[in-house]
Amino acid sequence: MSSASHAFQALVAVASRETVKFFHQRGRLLSAVVRPSLWLIIFAAGFKNVFGVAVLPPYESYIEYQVYVVPGLLGMVLLFNGMQSSLAMVYDREMGIMRLLLTAPLPRSYLLFCKLLAGTFLSLLQAYAFLIVCALFDVNLPWWPGLVYALPAMFLTGLMLGALGLLLSVSIKQLENFAGMMNFVIFPMFFLSPALYPLWKLKESGAEVIYHLSLYNPFTHGVELIRFAMYGQFNILSCAVVLGTLVVLFLLAAWGYDPQRGLVRRRG
Amino acid sequence: MSQAVLHVDSVSKSYGALKALNEVSLSVARGEFVALLGPNGAGKSTLFQLLTGLFVPDTGRIEIDTHDLRRQGSQALAALGVVFQQSTLDLDLTVRANLRFHARLHGMGRAARERIDAELERIGLVEQANSPVRALSGGNRRKVEVARALLHQPALLLMDEPTVGLDPASRRALLEYVHELRAGRGLGVLWATHLVDEVEDADRVIVLHKGRRLAAATPDALCGQAGTANLAGAFLTLTGETPRTQEGVVS
Ligand SMILES: Nc1ncnc2c1ncn2[C@@H]1O[C@H](COP(=O)(O)OP(=O)(O)O)[C@@H](O)[C@H]1O
Ligand SMILES: [Mg+2]
């Protein structure tokens, strides 16, 4: 058996297991879609008038708030699923399945990468499910070819947030700690970003510190990468930040899973 | 002795100040059933974690089927089948899905299907193939784990207290089954246990106590060395601990 074929089979093993488990958990797809949909419908309705969106790149004319908020909500879908994958890693560790995975005859970092790819695949699935909701609500998005351009952008952002989840799974000892993760990771990342309003709004209202924190938030760049890609534009800065963050997070996670120091040692 | 499928050369491992393994050496030959006998806390599971590459030893060397675990990890792991002390089955997936997952991780390709069917046949669980593992009894779950460990036809089978939680009949059946495999396939087996009566038919017994290898000999030779009539007596003499069996403490 060639090693390329072996590597591919291992990816199929991890991805198909994750997908089967995803569809077993009935509520997961539903809540993944409902969460951003609520924002889209309720929040955006309330904000419609408060919010005069000036023309700012990548937009070429005034846009509705609903249109503005979609890339951020896509980011939210990716962010939540990244954290869910982290949870799944911790669960697998408690169930002993991580042992099985890590004793497979392949390089360990590759096996972790399979986990990451599988999780990102599920992220994309949920993102496109949410886009169907957007279509149903007649949001004026650049459907074609915008959503095709958005695919690689969402893929990269999904990988980055999945790698974050992977890294967090190293330090999270127990499943119960998910609530803490929500408070300390998901909410700050989401709110310190241009997901809900453009960052210049923050600056304008004098929130300098928050503005700067947001600039350094990798999630900000994930959202902007997606936003620009939807309009056929390539945001180089955002892409570089997302790629760089992805590499760093993944390397740290792989280091965390190294048998010399990582969690396996601590947990026996 | 024929060619060794497992070669452990003065391996040590500490958890902080606790020396869980102290210069332990052992080997398993093709077709040999070696029992690793030691009370709880002896370091058996720690040794298994080292043998599977989940931990790295502080010192010493491990070779599986002539491959150095450190430098040729993938080749070494490919020759290895493991049943861990705690279950590593995915309870939500079916029996077949669990086996297929493993087959793919080992890159078995088209051969997988046939091998899975053959192993299911062997353990008599063809009918349960599409049931979730959760629906299986403890004994059947263990069988699935053994079947899975054998799927890729390893040269060495590691079993860490595989009979824990099984009823006496299932225990005996599992032990006999592994003895058969050893004879039939020329499989090397390292069977860790704290129960003296499980090691009576072993080719060799290695006594591990507080991280040290106290003895390595055939069951008869072990009794001879200790000057006792049976293994339980030898165990008591060597370790100073009360030997345990399936039925409980030996009086
Ligand atoms: N992850 C760990 N961290 C710290 N100490 C451990 C860990 N795993 C095992 N130990 C200790 O190492 C010793 C050997 O344990 P173990 O290898 O599980 O023995 P056995 O499997 O023979 O019962 C015990 O004293 C145990 O408490
Ligand atoms: Mg143990």
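Residue numbers start from 1 in every chain, and the chains themselves are labelled A, B, ... in the order their sequence lines are given, proteins ahead of strands. Heavy atoms only: backbone and side chains are in, while hydrogens, waters and symmetry mates are out.
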Salt-bridge present (Asp68(B), Arg61(B); N to O < 4.0 Å): yes
Chain A contact via Leu105(B) - which portion, at a heavy-atom distance below 4.5 Å: both
Best-contacting candidate, Asp92(B), Thr46(B), Leu80(B), Val82(B), against chain A by heavy atom pairs under 4.5 angstrom: Asp92(B)
Residues of residues 13-20 of chain A near chain B, each having a heavy atom less than 4.5 Å away: Ala13(A), Val14(A), Ser16(A), Arg17(A), Val20(A)
Side chain, backbone, both or neither of Ser87(B) within contact of chain A (heavy atoms, under 4.5 Å): backbone
Minimum-distance pair of heavy atoms, taken over all atoms of Ser123(A) and Leu78(A): CB-CD2, 3.6 Å
Partner of Asp65(B) by side-chain hydrogen bond (donor to acceptor under 3.5 Å, both in side chains), out of Gln75(B), His7(B), Arg30(B): Arg30(B)
Region of Arg148(B) in contact with chain A, defined by heavy-atom distances below 4.5 Å: side chain
side-chain contact (heavy atoms from CB on, under 4.5 Å) assessment of His102(B) paired with Leu99(B): CA-CA 5 Å; His102(B) 178 86; Leu99(B) 296 177; 5.8 Å; no
Under 4.5 Å from a heavy atom of chain B, the part of Leu11(A) involved: neither
Part of Ala78(B) lying under 4.5 Å from any heavy atom of chain A: both
Heavy-atom proximity to chain A below 4.5 Å, by part of Leu91(B): side chain
N-O pairing of Arg115(B) and Glu119(B) below 4.0 Å: yes
Whether over 12 other heavy atoms sit under 6.0 Å from Phe184(A) CZ: no
Over-ring placement of Arg99(A) relative to Phe84(B), 6.0 Å and 45° cut-offs: yes
Neighbour count above 12 (heavy atom, 6.0 Å) for Arg212(B) CZ: no
Crowding at CD, Gln25(A) (>12 non-hydrogen neighbours, <6.0 Å): yes
